[in-house]
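Report on the structure given below.
Proteins get letters first, then strands, A, B, ... in listed order; numbering begins at 1 in each.
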2 protein chains.
Amino acid sequence: MRYSLKSRQKQTLDSALKRKGFRPTKQRSAVYEVILGKKDHPNAEEILLRVRRVLPTISLATVYNCLETLVDCGLVRQVNLDRSPSLFCPNLGPHAHFKCKKTGEIHDFDLDKATISSLESILPEGYSIERFDLSFIGTSNQGRQN
Amino acid sequence: MRYSLKSRQKQTLDSALKRKGFRPTKQRSAVYEVILGKKDHPNAEEILLRVRRVLPTISLATVYNCLETLVDCGLVRQVNLDRSPSLFCPNLGPHAHFKCKKTGEIHDFDLDKATISSLESILPEGYSIERFDLSFIGTSNQGRQN
DNA sequence: CTAGGTGCAAAAGGTTTGCGGTTAA
DNA sequence: TTAACCGCAAACCTTTTGCACCTAG
């Protein structure tokens, strides 16, 4: 590999920001790295804790602002299950979420083309879909899968 | 028809409340009627307005409390799309929601058994599903369908 | 240089809770 | 009679905003 994971991430981030007219800042970069760094579903508070290991003075408001920018750029996905705090997710492909009632763990399930088109065929003519959200709640006997 | 719509509703409500050990009150009854009365997706504020036509002194907190009770009894479904206020929905059968970006309208789409089982087959062994939520966001050229 | 971004604190918006009085069983 | 419930106001929690300072272009 010619370029490190981090430098490829940085390129992706910078070009996505530039495309939308946003400036690259170390805060945005740190928030983005933190989300990519672990394949889980942290909320803003948890992201704050992780980012502060690198930028100890960053504020929660800035984390929220950075997250909004990243979501706007399509670099990160915002996941809202019931009324709990928004979660942020680096998995950009089509997938469903499963939340375990007992452990609170959230697992992703990637969706194949056939499943997606059968989902989309639920809607009749005249409806154009920008985005869909599919989530399950229940219990699982699978461990955390990071 | 022997019994009026309202008296059947009242029976459903009372027996569901009793099953969970809740008392029947006129506030719960009014909130329930308001939600069944119009096949849309009102939020708590809107439900307050409608209920006040019948019980002018009911408070927003009581509306929230009644809604929690009704959801707990399985009489009404709580719908959370993005971060906007929770919506409440009398449609208890399996269905998906479509939200139109332009008009804010929400349409229900009932799901047939085949679609449901194909949805549920997304999850592997070891996952047991209590509930799922499927929602779409996009635009539609269909009018409001009440 | 200056528009955009940060950090802080305060506000906003939705929802829940504590409390004194009321009501269904 | 009394535990549950209501109405009100205050609290709560997540998220957004206003403002003075800072920084990338």
Between A/T12 and A/R8, is there a donor-acceptor pair closer than 3.5 Å when you use the side chain of the first and the backbone of the second?
yes

Check: Looking at B/S86, does any N or O in its side chain come under 4.0 Å of the phosphate oxygens OP1/OP2 on C/dT15?
Finding: yes

Q.
What I'd like to find out is whether the side chain of B/L49 reaches to under 4.5 Å of the side chain of B/E45, using heavy atoms alone.
A. no

When rounded to whole Å, the CG to P distance for the pair B/D72 and D/dA4 reads 15 Å

A/I47 CD1 to D/dT14 C1', in whole Å, measures 14 Å

Here the gap from A/S15 atom OG to A/Q11 atom CD, rounded to the nearest 0.5 Å, amounts to 7.5 Å

Sorted by position of nearest nucleotide on DNA chain C, 5' first, the leading residue of B/P24 and B/E68 is B/E68

To the nearest angstrom, the OH-C1' distance between B/Y64 and C/dT15 comes to 5 Å

Side-chain heavy-atom pair B/C66, B/T69 within 4.5 angstrom cut-off
no

To the nearest angstrom, the CG-P distance between B/L48 and C/dT15 comes to 13 Å

Heavy-atom contacts, protein to nucleotides 4-13 of chain C, under 4.0 Å, summarised as B (base), S (sugar-phosphate only) or - (none) per nt, yield BSSBBB----

query = Think B/R83 has a side-chain N or O under 4.0 angstrom from the OP1 or OP2 of D/dT15?
reply = yes

> Do B/S86 and B/Q78 have a side chain donor and acceptor closer than 3.5 Å?
Replying inline: yes

note: B/L17, atom CG; D/dC5, atom C1'; distance rounded to Å ~ 12 Å

To the nearest angstrom, the CG-C1' distance between B/D82 and D/dT16 comes to 15 Å

Is it the case that the ring center of A/Y127 lies less than 6.0 angstrom away from the ring center of B/F109? yes

To the nearest angstrom, the CD-P distance between A/E45 and D/dC13 comes to 11 Å

Is the shortest side-chain heavy-atom distance between B/K99 and B/S135 below 4.5 Å? no

To the nearest angstrom, the CG-C1' distance between B/L60 and D/dC8 comes to 11 Å

